Amino acid sequence: LLPEARGKRAFAAYAQGLAWLKQHTGCKKVIGHIPADNPAALLIARRSGCGVIGVNQKSILRGGQLLDQFIVGKEL
């Protein structure tokens, strides 16, 4: 996200996106993968009600290193 879209605006966008999915699709659960080097994204997901349901170890290459990804999910 652009710097001006971080923080409260990012949280609002995430929450609104989940609400839209619930209202306009047959989606029952949302699942995502958040790289371990992105604690801000993990914080937004958790504050929006997503729980960590697992870790995909060494599954994304960043800067020449394999990093873990948190698997997050929320039933809608």
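Just so we're clear, the structure is a prediction, and the values are computed from it rather than from any experiment. Hydrogens, waters and symmetry mates are skipped; everything else that's a heavy atom, side chains included, is used.
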- [ ] Determine whether more than 12 heavy atoms belonging to other residues, nucleotides or ligands lie under 6.0 Å from atom CD of E4.
- [x] yes

- [ ] Provide the closest heavy-atom pair for I44 versus F11 in the form atom of the first, atom of the second, distance.
- [x] CG2-CA, 4.1 Å

- [ ] Supply the atom-to-atom distance N38 CG to Q69 CD, rounded to the nearest 0.5 angstrom.
- [x] 10.5 Å

Task: S48 versus A15, closest heavy-atom pair with distance - done: OG-N, 4.4 Å

Open item on the list: Running the 4.5 Å side-chain criterion over Ile, Leu, Val, Met, Phe, Trp and Tyr, what cluster does I53 land in, apart from itself?
Closed with: I31, I71

Task: Pairs meeting criterion side-chain hydrogen bond (donor to acceptor under 3.5 Å, both in side chains) with involvement of residues 25-35, two or more places apart - done: none

Task: Transitive ILVMFWY cluster of L42, excluding itself - 4.5 Å side-chain cut-off - done: I34, V52, V55, F70, V72

Task: Any donor-acceptor pair under 3.5 Å from N56 side chain to S59 backbone - done: no

Open item on the list: Considering only residues two or more places apart or on different chains, which pairs with a residue in residues 53-76 satisfy salt bridge (charged side-chain N to carboxylate O under 4.0 Å, His left out)?
Closed with: D37-R62

Task: Under 4.5 Å side-chain linkage, directly or through intermediates, the cluster mates of L67 - done: I60

- [ ] Kindly give the cluster partners of L66, where membership spreads through any ILVMFWY side chain lying under 4.5 Å from a current member.
- [x] L61

